[in-house]
Amino acid sequence: MSKLKAVESRILQCIKNRFSAGYVSLPDQNKIWTLTVSPELREKTPLVMVHGFGGGIGLWIQNIDRLSSRRTLHAFDLLGFGRSSRPTFPSDPEAAEEQFVSSIEQWREEMGIKDMILLGHSLGGFLAASYSMKYPQRVKHLILVDPWGFPALPTDPSEVRSPPAWVKAIAAVLGRSNPLAVVRAAGPWGPRLVQRFRPDLKRKFEEFFEDDTIMEYIYHCNAQTPSGESAFKTMMERFGWAKRPMLPRLDSLPKTLPITFIYGAETWIDSSTGEKAKRLRPDSYVQTLAIKGASHHVYADQPSIFNEVVDEICDAVD
C-alpha cells in the first residue's frame with residue numbers, strides 16, 4: 001500500500017485546483033479513499049466519479065481540473081479497489097452488487113452529499129446504475145461512460161462482439177483464477193507486464209507523465225489482496241458480460257431521471273445499449289454520444305472532448 005500511496009501522490013501533484021484526499025470511514029468499519037476537488041464551489045450540484053475495474057482515482061487525472069472548474073468534484077476508490085478497504089464480498093452476484101451499492105450510499109451519507117451528478121465508467125457505470133435504482137432521489141443525472149454489464153449475453157455466438165486481444169489474453173490466462181492474478185504473480189515485473197498487455201495506457205497519459213508512473217499506479221492498485229476483483233468475478237458471466245445484466249432492469253429507474261451514455265466510437269463494449277435504453281424509456285431523457293478516436297477508456301483517449309461533453313451535461317443540471 002505504501003508504494004501505491006507514493007505513486008498516487010505523484011499523480012495528485014498534477015492537480016491545479018484546490019483538493020484534499022483522505023479516508024472516509026463507513027458505519028460498517030470499511031474505509032473509502034476519497035478525493036475532493038474545489039470544495040469551495042458549493043452552489044452547484046457536485047459531480048461524483050466512479051472508476052472501472054482495476055482502476056482508482058488517479059486515472060481521472062486528465063479530467064479532474066476541467067470538471068471541477070465550476071463545481072465540486074468527488075472521486076473515490078470503489079470498495080475492494082485502489083486504497084479503499086478490501087473486505088470479503090459475498091459469493092452471490094446480487095449480494096456482491098448490493099455490498100458495492102451499500103458502500104456508495106454509506107459514503108454519500110458520511111460525506112453529507114444531498115444529491116449529485118453521478119458518473120461511472122465500465123464496472124463503475126454498472127454500479128452507478130444499480131445505485132441510481134435504489135437511491136434515485138440522490139441522483140440528478142446519471143452519466144454512463146462505456147458501461148460494462150448492460151446487455152444480456154447473446155444466445156447467438158455471432159452476435160458476441162470480439163474484445164481486443166489483451167482482454168482475450170487476460171480472460172484465457174485467468175479463467176480459473178481472479179482476473180488480475182497474473183499481475184500479482186509477476187511481482188516486481190508487474191509494471192512491465194501491465195505495459196506489455198496495455199502499451200496504449202502509457203500513451204494515453206503521456207501529456208502528464210513521460211515515465212512509467214501510470215503503469216506503476218495500475219500495477220500497485222492491483223497487486224494487493226483481491227477483493228473487489230473477486231466480487232467482479234462473482235458478478236460476471238464472461239469478461240464482457242454480467243450475470244445480472246443491467247439493461248432489462250432499467251425500467252425500475254424513475255422516468256424523471258435523465259441518463260446520458262458516452263461511448264468511445266472504437267470501443268469493444270456493446271454500444272447499442274444506449275439506443276436500446278432509449279427504446280425502453282420512451283418517455284424519459286436518454287442521450288447517447290460516441291466520441292471519435294476513443295476506445296473503452298474514453299476519458300483518457302480523448303480527454304478534451306470528454307471533458308467538454310461532461311461539462312455540458314453538468315451545466316444543463318445547474
Side-chain angles (χ1 to χ4, degrees), residues 11 32-35 37 47-64 66-68 73-82 84 97 100-101 104 116-132 139 141-151 163-164 166-167 179-180 198 200-201 204-205 214 217-218 221-222 228-229 231-232 235-236 239-242 246 259-271 273-274 277 287-291 293-311 313-314:
I11 295 171
I32 299 292
W33 182 248
T34 303
L35 172 72
V37 192
L47 172 65
V48 173
M49 303 180 80
V50 188
H51 66 78
F53 174 72
I57 60 170
L59 296 183
W60 300 117
I61 192 60
Q62 299 181 91
N63 321 106
I64 287 168
R66 168 72 190 267
L67 297 180
S68 63
L73 178 152
H74 303 284
F76 60 85
D77 287 349
L78 277 164
L79 186 67
F81 289 102
S84 288
E97 182 183 324
F100 276 123
V101 168
I104 296 170
M116 57 188 145
I117 298 162
L118 185 58
L119 181 152
H121 170 251
S122 197
L123 169 64
F126 180 89
L127 296 173
S130 182
Y131 175 88
S132 300
V139 182
H141 198 120
L142 178 60
I143 305 173
L144 301 169
V145 183
D146 240 69
W148 169 85
F150 270 65
W166 70 265
V167 173
L180 295 162
R198 303 299 313 275
D200 56 313
L201 280 177
K204 292 181 203 300
F205 293 89
I214 287 294
Y217 176 70
I218 293 168
C221 272
N222 296 293
E229 178 192 333
F232 176 69
M235 288 157 56
M236 76 178 189
F239 203 83
W241 312 89
M246 196 54 69
I259 307 173
T260 302
F261 289 84
I262 303 175
Y263 290 99
E266 280 96 61
T267 185
W268 54 275
I269 291 270
D270 181 356
S271 58
T273 296
Q287 169 90 325
T288 302
L289 305 163
I291 294 179
S295 184
H296 182 51
H297 292 269
V298 197
Y299 59 92
D301 288 333
Q302 293 290 350
S304 299
I305 303 169
F306 175 83
N307 293 343
E308 200 175 312
V309 165
V310 174
D311 239 357
I313 295 165
C314 291

**Q.** Ser132 (side chain) donor-acceptor with Ala128 (main chain) under 3.5 angstrom
**A.** yes

Q. Mind checking what makes ring-ring contact (aromatic ring centres under 6.0 Å, His included) contact with His51, not counting sequence neighbours?
A. Phe81

Q: Can you measure from CD1 (Ile117) to CG (Leu142) and round to the nearest 0.5 angstrom?
A: 11.5 Å

(Q) Could you report the tightest heavy-atom contact between Ile64 and Leu35, atom names first, then the distance? (A) CD1-CD2, 3.6 Å

Q: Any chance you could measure Leu118, atom CG, to Ile259, atom CD1, to the nearest 0.5 Å?
A: 11.0 Å

Q | Residue from Val310, Leu73, Asn307 passing side-chain contact (heavy atoms from CB on, under 4.5 Å) with Arg66 | A | Asn307

Q. Backbone N or O of Ile143 within a donor-acceptor pair of the Thr260 side chain at under 3.5 Å?
A. no

(Q) If I take atom CG from residue Leu79 and atom CD1 from residue Ile32, how far apart are they, to the nearest 0.5 angstrom? (A) 4.5 Å

**Q.** Approximate separation, where rounding is to 0.5 Å, of Leu47 CG and Ser68 OG
**A.** 9.0 Å

(Q) I need the Cys221 SG to Asp77 CG distance, nearest 0.5 Å. (A) 6.0 Å

Q: Mind running side chain to side chain contact (heavy atoms under 4.5 Å, CB included) on Phe76 and Val50 for me, showing each step along the way?
A: CA-CA 7 Å; Phe76 60 85; Val50 188; 3.9 Å; yes

Q: Begin with the C-alpha distance, continue with both residues' side-chain angles, and end with the deciding distance and a verdict on side chain to side chain contact (heavy atoms under 4.5 Å, CB included) for Leu127 and Met235.
A: CA-CA 11 Å; Leu127 296 173; Met235 288 157 56; 4.1 Å; yes

Q: Taking all non-hydrogen atoms of both residues into account, name the closest pair between Tyr299 and Leu59 and its distance.
A: CE1-O, 3.2 Å

Q) Among His297, His121, Met49, whose side-chain contact (heavy atoms from CB on, under 4.5 Å) with Val145 holds? A) His121

Q | Qualifying residue for ring-ring contact (aromatic ring centres under 6.0 Å, His included) with Trp148, from Phe232, Trp268, Phe53 | A | Phe232

Q) Looking only at heavy atoms, which two atoms of Glu266 and Gly293 are closest? And how far apart? A) OE1-CA, 3.3 Å

(Q) Once side-chain contact (heavy atoms from CB on, under 4.5 Å) is applied, do any residues pair with Ile11, and if so which ones, sequence neighbours excluded? (A) Ile61, Phe209, Thr213, Ile214, Tyr217

Q | Rounded distance [0.5 Å steps], CD in Gln287 versus NE2 in His141 | A | 8.0 Å

Q | Shortest non-hydrogen contact between Asp270 and Pro151, atoms and distance | A | OD2-CG, 3.8 Å

Q: Please report the closest heavy-atom contact between Ser122 and Gly52, naming both atoms and the distance.
A: CB-CA, 4.2 Å

Q | Main-chain N/O of Phe306 paired with Asn63 side-chain donor or acceptor, under 3.5 Å | A | no

Q: Any chance you could lay out the side chain to side chain contact (heavy atoms under 4.5 Å, CB included) test for Leu144 and Thr273, step after step, and finish with the verdict?
A: CA-CA 11 Å; Leu144 301 169; Thr273 296; over 6 Å; no

Q | Criterion side chain to side chain contact (heavy atoms under 4.5 Å, CB included) on Phe100 and Phe126, from CA distance to verdict | A | CA-CA 11 Å; Phe100 276 123; Phe126 180 89; over 6 Å; no

Q: Mind listing the closest non-hydrogen atom pair of His296 and Asp301 along with its distance?
A: N-OD2, 4.1 Å

